[in-house]
Amino acid sequence: MKLGICWLAVVPGVLAQNAPHLAYVLPAGGRQGATFPVKAGGQFLPNVFKVYVSGSGVEATVSDYARPMNAMQATELRDRMQELQKQPMTDAVRKEMVDTRVKLLLFNSRRLTSPVLAETVTLQVTIAPGAAPGKRELRVATPQGLSNPLVFCIGQLPEFTEKETISVVQTPQVQISQPPTDMPITLPATVNGRIKPGLPRPQAQVRFTPGEADRYRFQAHKGQELVIAASARELIPYLPDAVPGWVQAVLTLYDSAGNELAHDDDYRFHPDPVLHYTVPQDGEYSIEIRDALYRGREDFVYRIAIGELPFVTSAFPLGGRAGSKTKVQLTGWNLPAARITIDAKHPPATPATFMVDTLPEGFEKEPNNSPATAQRVKLPIIMNGRIDQPGDWDVFRFQGRAGQAIVAEVYARRLDSPLDSVLKLTDAKGTQLAFNDDYDDPGAGLETHHADSRILTTLAANGTYYLYLGDAQQKGGPEYAYRLRIGAPRPDFDLRVTPSSINVNGGMTVPITVHAVRKDGFSGDIALALKGAPKGFTLIGGLLPTGQDEVRLTLTVPPQPRPEPLSLSLEGRAAIQGHQVSRMAVPAEDMMQAFAYRHLVPASDLKVAVRRGAILRDPIKVSSPEPLEIPAGGTARFQVHLPTLPSNLLTKVRYELSEPPEGVELRNASPGRDGTEIVLQCDAAKAKPGLKGNLIVGISAERVAQPANGSPQANRQRVSLGTLPAVPFEIVARY
C-alpha cells in the first residue's frame with residue numbers, strides 16, 4: 001500500500017496563478033564591465049521583482065514595467081479626443097490632441113500583437129569586468145514563480161544597440177512612421193537589434209506589414225579580413241507559432257554606393273548567416289539584416305559580431321581518446337594558430353565540438369574508396385576521417401562472427417561538420433545487409449536535420465564485412481569530417497527533465513516529465529530519484545518503465561516557501577549488463593517548432609520556486625496499492641483523503657486525469673466516510689496488459705465569492721487546487 005501526502009494551499013489569490021513567460025530580451029547580451037538597460041518581453045510580467053542570470057559576475061535589477069493599452073483605455077482616449085475637439089484650440093490643447101492621436105495610432109498598429117509578446121519589463125544589467133564570456137541563461141521572478149530561461153550573452157567587443165524611434169508627421173492629419181535603422185558603428189563591434197514589424201500605412205487595407213531591414217554603417221580598410229556573424233536562431237532556438245520555426249536572418253554587405261558585395265542567408269546547415277569578406281579598398285561599408293521571408297516581430301532579436309574576428313570553419317579530428325592529448329588541425333579565418341593541442345581531460349569549448357571516448361582511435365587512410373582498397377580495422381574502434389571530395393566513399397573492412405551484434409554510428413553533424421552521412425553494410429559478396437541515412441537522436445535538441453547515420457545489426461555468419469560511409473548529397477571537402485564508431489553495442493541512456501523552471505506553492509505537488517534517450521538497444525527500467533535534495537522534497541512515481549521513453553511523475557515540496565529558487569538534481573539508475581549505471585538528468589525546455597514539432601533544448605539548471613501560500617493543518621493523503629493494478633476491460637479504485645475545505649470558500653471538488661494513457665479514464669469520484677473513492681475504467685481494446693506508468697490527477701474546486709451590491713447570485717469560479725502525488729499503475733489481465 002502506498003500513502004502519498006500533499007499539503008493543500010487554499011488562499012483564493014494563490015490558486016490559479018500564471019507564471020511569468022519570457023519571449024525575448026533586447027539586447028540579448030552585453031560587454032564585460034558594462035551597465036546597460038535591457039527590455040524583456042513576454043507575458044504575465046507584472047510585479048517582476050528579481051532577475052537571475054546563470055553563472056557569476058552578472059547583476060540585474062528591475063526598473064520599469066509596461067502593459068500594452070487595452071480596448072477600454074483606447075475608448076477613453078477617443079472620448080477624450082472628442083472632448084478636446086470641442087475646446088478652444090490653444091497650444092496645450094493642440095499638443096494633447098497630437099499626443100492622444102499618436103497613442104491611438106500606436107494602439108491600432110500593435111493591437112494584433114500576440115499576448116505572449118505584449119508586455120515588457122525594463123531591467124538594469126551590470127556585467128563585471130571579469131565575468132566569463134559566453135552564453136548564460138536569464139530568468140525573471142514574480143510572486144507567481146520563475147520564468148523560462150532565455151539565452152543572454154557575455155561578450156568582449158564594444159556593443160551597439162539599435163535605436164528604435166517613432167516619427168510623428170502632421171500632413172495635415174497626425175501620422176506616425178518608423179524610420180528604418182541606419183546607424184553608424186565602429187569596428188570591432190557587436191550590434192544588437194530586432195527585426196520589427198513595420199507600421200501600417202494609413203492607406204493600406206491589409207493587416208500584413210513587412211518587417212524592417214536594419215543597416216549599420218562602418219569604416220573598413222583595404223586588406224581587412226572581415227567576419228560578420230549573426231546570431232538569431234542561436235538566441236531563440238524555436239518559435240512555436242512561426243514557420244520555419246525561427247528567425248531566418250539574411251545578411252547583405254554593401255559599399256558606400258549601395259552596390260551589393262556579399263550575401264548569405266545561412267551558414268552551411270545553420271540558419272544564422274556568416275559572411276567572410278576581404279576589404280578591397282578603404283571606405284564606408286554597411287551591413288543589412290532582415291528576415292528571409294520579409295517578416296517582422298517583437299521577438300525577432302539578433303546579435304551581429306563584426307570585425308577581424310577569429311572564426312573556426314572546421315577542425316580535425318573531431319575528438320580524441322579519454323586521458324590523452326590530441327593535436328587538432330583548425331581551418332578558418334583570422335585564426336592565431338592552425339593547430340592546437342587538446343587535453344582530453346579538460347576539453348575546451350570551441351565552435352567545433354570535441355568528442356571524447358574510451359575506445360581505441362584510428363585514422364582513415366586513402367585510397368579506401370572500394371572493397372578492393374578497403375581499410376582493414378580491428379573492432380572496437382573509432383575512425384576519424386573525411387569525405388575529401390564530392391562522390392567520395394570511405395570503405396572499412398572487418399572480420400565478423402555469426403551472432404555478433406555490431407553498431408556503426410557516425411558523429412559528424414552533431415560535432416558541427418557539414419557531412420550528411422550515409423552508412424551501408426555488405427558481406428564479402430557485396431550483398432547489402434543494412435543501410436541508414438538519418439538517425440533521429442532526441443538528445444540533440446538543437447538539430448532539426450538529424451543527418452548522422454547509425455546501424456545496429458546482428459551478423460548472420462562468420463566472414464569479412466564491408467562498411468561504406470559517404471555523403472548523402474554527394475558533397476565533400478576537407479571540412480566534411482566525421483568520427484565513426486564500430487564495435488559491439490554499448491547499452492546506455494541519457495535523461496532530460498522538463499520543464500527547467502518549476503513553480504509550485506509550498507506544500508503542494510506538481511507534475512514533471514523525465515525523458516530517456518536510450519542507446520544501443522538498452523530498454524530496461526530506469527529508477528529515478530532526487531539527489532542531494534533538502535528535506536521535504538519528494539519524488540513520487542520514480543520509475544521509467546522498460547521500453548518507454550518518457551514518464552510523468554510528481555514533485556512534492558515542503559510547506560514552507562523559499563525566498564530564493566532552489567537548484568535540484570535528478571538521477572537515473574539502471575542495471576545494464578550486470579552493472580549499476582547512473583546518469584544525471586539534464587534540465588531542458590520542451591520547445592515547439594512551427595506549430596508541430598517538439599524539441600528538448602538543454603538548460604543549465606533545474607530551478608524550483610516554492611511560492612508562498614496558506615497551508616491547511618492537514619495534508620491531502622492518497623492511498624493505493626503500488627503499483628495500482630488496473631484490469632484490462634475492468635475497473636480499479638484508490639482513496640483520496642481530502643481535508644475539509646471552508647464552506648464559504650471552496651465547494652464541488654472535481655478530480656480529472658491529466659494526459660492519461662489511452663484507454664484509461666476516470667469514471668467516478670465518490671465521497672465517503674473514509675475519503676473520496678476514485679474509480680478508474682480501462683478499455684481492453686486500447687490499453688493492453690503490461691503497460692506501466694503513473695496516473696497524474698488534477699484537483700479543482702468551485703470558489704464562491706459573496707454577492708456584491710445586493711446581487712442575489714454569488715460569483716462562482718472553478719480554480720485549480722493542484723495535483724495529487726503520482727499514482728503508479730500497471731495494466732493487468734482481467735481476473
Q: Given side-chain contact (heavy atoms from CB on, under 4.5 Å), test Phe152 with Val125 step by step and report yes or no.
A: CA-CA 11 Å; Phe152 190 79; Val125 175; 4.1 Å; yes

Q: Quick check: closest heavy atoms across Thr326 and Gly320, and the distance to 0.1 Å?
A: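 Scanning both residues completely, I find the closest heavy atoms to be OG1-CA, 3.6 Å.
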
Q: Does any part of the side chain of Phe160, heavy atoms only, come nearer than 4.5 Å to the side chain of Thr190, both counted from C-beta?
A: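 No, too far: nothing below the 4.5 Å cut-off.
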
Q: Should Val274 and Phe311 count as side-chain neighbours, where that means a heavy-atom distance under 4.5 Å?
A: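 Result yes, sub-4.5 Å side-chain heavy-atom pair found.
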
Q: What's the verdict on side-chain contact (heavy atoms from CB on, under 4.5 Å) for Met383 and Ile381, showing C-alpha distance, side-chain angles and the deciding distance?
A: CA-CA 6 Å; Met383 296 300 297; Ile381 195 168; 3.6 Å; yes

Q: Give a yes or no answer on whether the side chain of Ser421 reaches the backbone of Gly470 with a donor-acceptor pair at less than 3.5 Å.
A: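 Not at all, since once roles are kept as given, no pair shorter than 3.5 Å links the two residues.
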
Q: Test side-chain hydrogen bond (donor to acceptor under 3.5 Å, both in side chains) on Tyr302 and Arg194 and set out the steps.
A: CA-CA 6 Å; Tyr302 60 80; Arg194 62 176 167 178; over 6 Å; no

Q: Strictly distance-based, threshold 3.5 Å: is any side-chain N or O of Arg321 a donor or acceptor partner for the main-chain N or O of Thr358?
A: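 Answer holds: yes.
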
Q: Compare every heavy atom of Ala257 with every heavy atom of Asp255, then report the nearest pair and how far apart it is.
A: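 So the two residues come closest at OD1-N, 3.0 Å.
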
Q: Any side-chain heavy-atom pair from Ile154 and Gln32 closer than 4.5 angstrom?
A: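 Touching, per the 4.5 Å side-chain cut-off.
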
Q: Tell me, please, which residues at least two apart from Asp394 pass salt bridge (Lys or Arg N to Asp or Glu O under 4.0 Å).
A: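 Residues passing salt bridge (Lys or Arg N to Asp or Glu O under 4.0 Å) with Asp394: none at all.
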
Q: Might you point out which heavy atoms bring Ala262 and Tyr277 nearest each other, and give the distance in Å?
A: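 Result for this residue pair: CB-CD1, 4.4 Å.
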
Q: Would you indicate whether Lys475, at its atom NZ, is surrounded by more than 12 heavy atoms from other residues, nucleotides or ligands within a distance under 6.0 Å?
A: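 Not more than 12 within 6.0 Å, no.
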
Q: Do the side chains of Asp441 and Arg414 get nearer than 4.5 Å, heavy atoms only?
A: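 A side-chain contact under 4.5 Å exists here.
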
Q: Residues two or more places apart in sequence or in another chain: which of them pass side chain to side chain contact (heavy atoms under 4.5 Å, CB included) with Leu359?
A: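 Checked Leu359 against side chain to side chain contact (heavy atoms under 4.5 Å, CB included); matches are Asp357, Pro380, Ile382, Arg485, Arg490.
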
Q: Test of understanding: with side chain to side chain contact (heavy atoms under 4.5 Å, CB included), list the residues that count as partners of His276, not counting sequence neighbours.
A: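 His276: side chain to side chain contact (heavy atoms under 4.5 Å, CB included) contacts with Glu225, Val227, Thr278, Trp333.
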
Q: Just verifying a value: how many Å separate Tyr254 OH and Ile287 CD1, rounded to the nearest 0.5 Å?
A: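 Those atoms lie 9.0 Å apart.
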
Q: When you look at OH of Tyr597, are more than 12 heavy atoms from neighbouring residues, nucleotides or ligands closer to it than 6.0 Å?
A: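 Not buried by this count: 12 neighbours or fewer within 6.0 Å.
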
Q: With sequence neighbours left out, write down each residue that passes ring-ring contact (aromatic ring centres under 6.0 Å, His included) with His599, or none if nothing qualifies.
A: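 Checked His599 against ring-ring contact (aromatic ring centres under 6.0 Å, His included); matches are Tyr238.
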
Q: Should Asp492 and Arg583 count as an ion pair when the cut-off is N to O under 4.0 Å?
A: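 So Asp492 pairs with Arg583 through a salt bridge.
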
Q: Do you see a donor-acceptor pair shorter than 3.5 Å between the side chains of His515 and Thr498?
A: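 Present: a donor and an acceptor within the cut-off.
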
Q: Who are the side chain to side chain donor-acceptor pair (under 3.5 Å) partners of Ser370, not counting sequence neighbours?
A: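 Scan of Ser370 (side chain to side chain donor-acceptor pair (under 3.5 Å), adjacent residues dropped) gives Thr373.
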
Q: So how far is it from Asp440 CG to Arg454 CZ, rounded to the nearest 0.5 Å?
A: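 So the CG of Asp440 and the CZ of Arg454 are separated by 11.5 Å.
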
Q: Please check if the side chain of Ser501 supplies one atom and the backbone of Ser147 the other of a donor-acceptor pair under 3.5 Å.
A: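 Yes, Ser501 side chain to Ser147 backbone: donor-acceptor pair under 3.5 Å.
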
Q: Ignoring hydrogens and geometry, is there a side-chain-to-backbone donor-acceptor pair from Gln593 to Pro244 under 3.5 Å?
A: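 At least one qualifying donor-acceptor pair exists.
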
Q: Does Leu456 form a side-chain contact (heavy atoms from CB on, under 4.5 Å) with Tyr439? I'd like the steps, not just the answer.
A: CA-CA 11 Å; Leu456 172 59; Tyr439 168 68; over 6 Å; no

Q: Check whether any side-chain heavy atom of Thr181 lies under 4.5 Å from a side-chain heavy atom of Lys163, and answer yes or no.
A: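 Side chain of Thr181 against side chain of Lys163, heavy atoms only: no contact under 4.5 Å found.
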
Q: Over 60° means perpendicular and under 30° means parallel, so classify the ring planes of Tyr482 and Phe396, tilted if in between.
A: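 Taking Tyr482 first and then Phe396, their aromatic rings stand perpendicular (interplane angle over 60°).
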
Q: Say whether Thr61 and Gln124, considering side chains only, have a donor N or O and an acceptor N or O under 3.5 Å apart.
A: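 No - no donor-acceptor pair under 3.5 Å links their side chains.
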
Q: Measure across Ala374 and Arg397 and return the closest heavy-atom pair with its distance rounded to 0.1 Å.
A: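 Nearest heavy atoms, Ala374 then Arg397: CB-CB, 3.9 Å.
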
Q: Does anything in residues 267-293 pair up under salt bridge (charged side-chain N to carboxylate O under 4.0 Å, His left out), and if so which pairs, sequence neighbours excluded?
A: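 Salt bridge (charged side-chain N to carboxylate O under 4.0 Å, His left out) check on residues 267-293 returns Arg215-Glu288, Arg217-Glu284, Asp291-Arg295.
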
Q: Would Asn384 and Arg483 count as a side-chain hydrogen bond (donor to acceptor under 3.5 Å, both in side chains) if you check the C-alpha gap in whole Å, the side-chain angles of each, and the deciding distance to 0.1 Å?
A: CA-CA 5 Å; Asn384 297 278; Arg483 283 169 66 80; 2.9 Å; yes

Q: I'd like to know if Lys50 and Glu564 make a salt bridge, using a cut-off of under 4.0 Å between side-chain N and carboxylate O.
A: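 Yes, this pair counts.
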
Q: Just by modelled atom types, is the Thr331 backbone N or O under 3.5 Å from a matching donor or acceptor in the Thr313 side chain?
A: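 Present.
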
Q: With side chains defined as the heavy atoms from C-beta onward, is the minimum distance between Pro317 and Phe363 less than 4.5 Å?
A: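 Yes, close enough: below the 4.5 Å cut-off.
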
Q: Any non-hydrogen side-chain atom of Tyr24 less than 4.5 Å from a side-chain atom of Thr120?
A: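 Yes, their side chains come closer than 4.5 Å.
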
Q: Could you walk me through whether Leu138 and Leu22 pass the side-chain contact (heavy atoms from CB on, under 4.5 Å) test, one step at a time?
A: CA-CA 9 Å; Leu138 184 147; Leu22 285 181; 3.8 Å; yes

Q: When you measure from the side chain of Glu589 to the backbone N and O of Met591, does any donor-acceptor pair fall under 3.5 Å?
A: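 Not confirmed, Glu589 side chain does not pair with Met591 backbone.
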
Q: Show your working on side-chain hydrogen bond (donor to acceptor under 3.5 Å, both in side chains) between Lys607 and Ser500 and close with a plain yes or no.
A: CA-CA 6 Å; Lys607 291 288 189 181; Ser500 66; over 6 Å; no

Q: Can you classify the ring geometry of Tyr466 versus Tyr468 as parallel (below 30°), tilted (30 to 60°) or perpendicular (above 60°)?
A: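 Correct class here is tilted.
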
Q: Which heavy atom of Glu137 sits nearest a heavy atom of Pro149, and at what distance?
A: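 Closest approach of Glu137 to Pro149: OE1-CB, 3.8 Å.
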
Q: With a 4.0 Å cut-off, would you call Arg297 and Asp299 a salt bridge?
A: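 Looking at Arg297 and Asp299, the cut-off is met.
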
Q: Would Arg413 pass as a cation-pi partner of Phe269, given that its NZ or CZ must be under 6.0 Å from the six-membered ring centre and within 45 degrees of the axis?
A: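 Output yes; distance and angle both within limits.
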
Q: Does atom CD of Glu59 have more than 12 heavy-atom neighbours, drawn from other residues, nucleotides or ligands, at distances under 6.0 Å?
A: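 No.
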
Q: Checking side-chain hydrogen bond (donor to acceptor under 3.5 Å, both in side chains) for the pair Gln219/Tyr285: CA distance, chi angles, key distance, verdict?
A: CA-CA 6 Å; Gln219 294 292 323; Tyr285 296 81; over 6 Å; no

Q: Would you call Leu226 and Leu275 a side-chain contact if the rule is heavy atoms closer than 4.5 Å?
A: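 Leu226 vs Leu275: side chains apart.
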
Q: Going by the side-chain contact (heavy atoms from CB on, under 4.5 Å) test, name the single residue among Leu469, Asp437, Asp452 that passes it with Leu423.
A: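 Result: among Leu469, Asp437, Asp452, Leu469 is the only option passing the side-chain contact (heavy atoms from CB on, under 4.5 Å) with Leu423.
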
Q: Please check if the side chain of Arg136 supplies one atom and the backbone of Ser54 the other of a donor-acceptor pair under 3.5 Å.
A: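 Checked: pair present.
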
Q: Considering all heavy atoms of both residues, which atom of Leu293 and which atom of Val243 are nearest to each other, and what is their separation?
A: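 Answer, listing the atom of Leu293 first, then Val243: CD1-O, 3.6 Å.
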
Q: Can you tell me how far apart CZ (Phe354) and CG (Asp343) are? Round to the nearest 0.5 Å.
A: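 If I round to the nearest 0.5 Å, the distance is 9.5 Å.
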
Q: Output yes when Arg303 and Glu234 qualify as a salt bridge under the 4.0 Å nitrogen-oxygen rule, no when they do not.
A: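 A salt bridge is absent here (no side-chain N lies under 4.0 Å from a carboxylate O).
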
Q: Does Lys196 come within less than 4.0 Å of Glu162, counting only side-chain N to carboxylate O?
A: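 Salt bridge present between Lys196 and Glu162.
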
